[in-house]
2 protein chains.
Amino acid sequence: MTQKQEHLSKNQQIVLNLIEKAKGPLKAYSILYNVQKRGIKAPLQVYRALEKLIEIGKIHKIESKNAFIACKNSDCEISKATAFSICNNCEHVKEIKNSKLSKYLSNFEDNSGMKYKKYNLEFFGLCKICKLKQ
Amino acid sequence: MTQKQEHLSKNQQIVLNLIEKAKGPLKAYSILYNVQKRGIKAPLQVYRALEKLIEIGKIHKIESKNAFIACKNSDCEISKATAFSICNNCEHVKEIKNSKLSKYLSNFEDNSGMKYKKYNLEFFGLCKICKLKQ
DNA sequence: ATAACAAACGTTATATTATAACAAATTAAG
DNA sequence: CTTAATTTGTTATAATATAACGTTTGTTAT
Ligand SMILES: [Zn+2]
Ligand SMILES: [Zn+2]
Ligand SMILES: [Zn+2]
Ligand SMILES: [Zn+2]
């Protein structure tokens with residue numbers, strides 16, 4: 001049983017539902033506008049839900065875009081090891097699931113003697129579709 | 001000759017000087033306050049300088065912190081391949097210079113058929129000093 | 001040198017992203 | 001039940017970043 005099942009509060013569930021059915025990453029204020037019909041009125045309610053959802057690994061933040069995407073991998077170790085591919089043209093974002101990569105990075109040590117507990121990697125380029133269009 | 005030497009404008013030079021002599025990453029508005037004595041008055045002047053400096057690889061943005069750090073590597077391919085180690089406790093940030101890592105990531109391909117032109121990797125953990133203090 | 005173009009500048013206003021502070025309500029645990 | 005912890009609702013504000021506009025400076029080609 002790799003799936004971590006937490007009980008989510010009302011607001012957390014509302015925000016997660018929206019992010020999960022979205023095609024791409026969503027920004028906080030776009031989330032806010034889309035959940036106002038469900039009673040969430042203020043930015044802070046969204047940010048608090050986001051914070052919790054990130055903590056339990058249900059979503060990830062795409063740092064370069066200030067946007068939030070649902071985790072599709074059941075085995076992201078609670079968002080401690082994330083990698084994304086981002087298309088510079090259409091902005092399509094996809095979480096990379098590659099065990100060699102995650103193993104390589106999780107075990108990475110540099111000469112500083114620092115052992116890393118978490119990493120976030122963002123790759124940029126052109127996706128297959130946009131490459132053809134060029 | 002790996003060093004890329006561009007002519008910098010006045011504002012760009014002022015901002016770069018500040019970032020280069022800083023011990024760690026600086027935030028945009030902290031930069032602004034520190035260069036006001038040199039005649040830079042508005043956020044946009046700072047952001048424009050930052051944009052250019054990033055473009056030519058003199059500085060990098062630490063996305064998870066919205067902060068800017070000078071590039072210490074002469075061979076960052078104009079900021080197309082960056083990796084940082086970040087201490088969660090003291091916030092110390094250091095650019096990782098590791099040719100195996102950069103080679104591995106620059107050549108990385110996943111099953112999506114996307115070839116990556118750029119990446120940014122941020123590692124988090126405790127630095128040597130903070131580890132001892134725990 | 002001067003026209004034409006590109007890059008950088010200065011300035012004001014505004015957009016976007018995120019958190020502080022505090023009190024009330026809900027939920028989990030003993 | 002009761003106590004503690006979490007979540008909520010709300011208002012205000014902080015922090016980060018860009019739009020729009022006109023001017024100035026630097027570069028390139030005649
Ligand atoms: Zn994930
Ligand atoms: Zn694309
Ligand atoms: Zn660098
Ligand atoms: Zn430290």
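In the interface, the side chain of B:Tyr29 is paired with the base of D:dA17 through a donor and an acceptor atom under 3.5 Å apart.
A close approach under 4.0 Å does not occur between any side-chain nitrogen or oxygen of A:Asn66 and OP1 or OP2 of D:dA17. Considering only side-chain N and O atoms, A:Lys10 lies under 4.0 angstrom from the phosphate OP1 or OP2 of D:dG9. Between A:Ser9 and the phosphate of D:dT8, there is a side-chain N or O to OP1/OP2 separation shorter than 4.0 Å. Within the structure, every side-chain polar atom (N or O) of B:Gln45 is placed at least 4.0 Å from both OP1 and OP2 of C:dC9.
At whole-Å resolution of the value, NZ in A:Lys41 and P in D:dA12 are 15 Å apart. Residue B:Leu32 contributes atom CG, which lies 13 Å from atom P of D:dA15 at whole-angstrom precision. We find that NZ of B:Lys27 is positioned 16 Å from P of D:dA14, with the value rounded to whole Å. Residue A:Gln36 contributes atom CD, which lies 13 Å from atom P of D:dG9 at whole-angstrom precision. If you take CG of A:Asn11 and P of C:dA25, they are 16 Å apart, rounded to a whole angstrom. One interatomic measurement links the two molecules: CD1 of B:Ile31 to P of D:dT16, which rounds to 11 Å at whole-angstrom precision. In this entry the distance linking CD of B:Glu55 with C1' of C:dA7 reads 11 Å, nearest Å.
Nearest-nucleotide assignment on DNA chain C puts the 5′-proximal partner with B:Gln12, out of B:Gln12 and A:Arg48.
In this structure, A:Lys117 contributes its side chain and B:Leu126 its backbone to no donor-acceptor pair below 3.5 Å.
Comparing C:dA18, D:dA17, C:dA8 by their closest approach to the side chain of A:Pro43 singles out C:dA18. Side-chain proximity of A:Leu44 to the nucleotides C:dA18, D:dA17, C:dA21 is greatest for C:dA21.
Ion pairing between a basic and an acidic side chain is recognised when a charged N comes within 4.0 Å of a carboxylate O; B:Lys65 and B:Glu122 show no such pairing.
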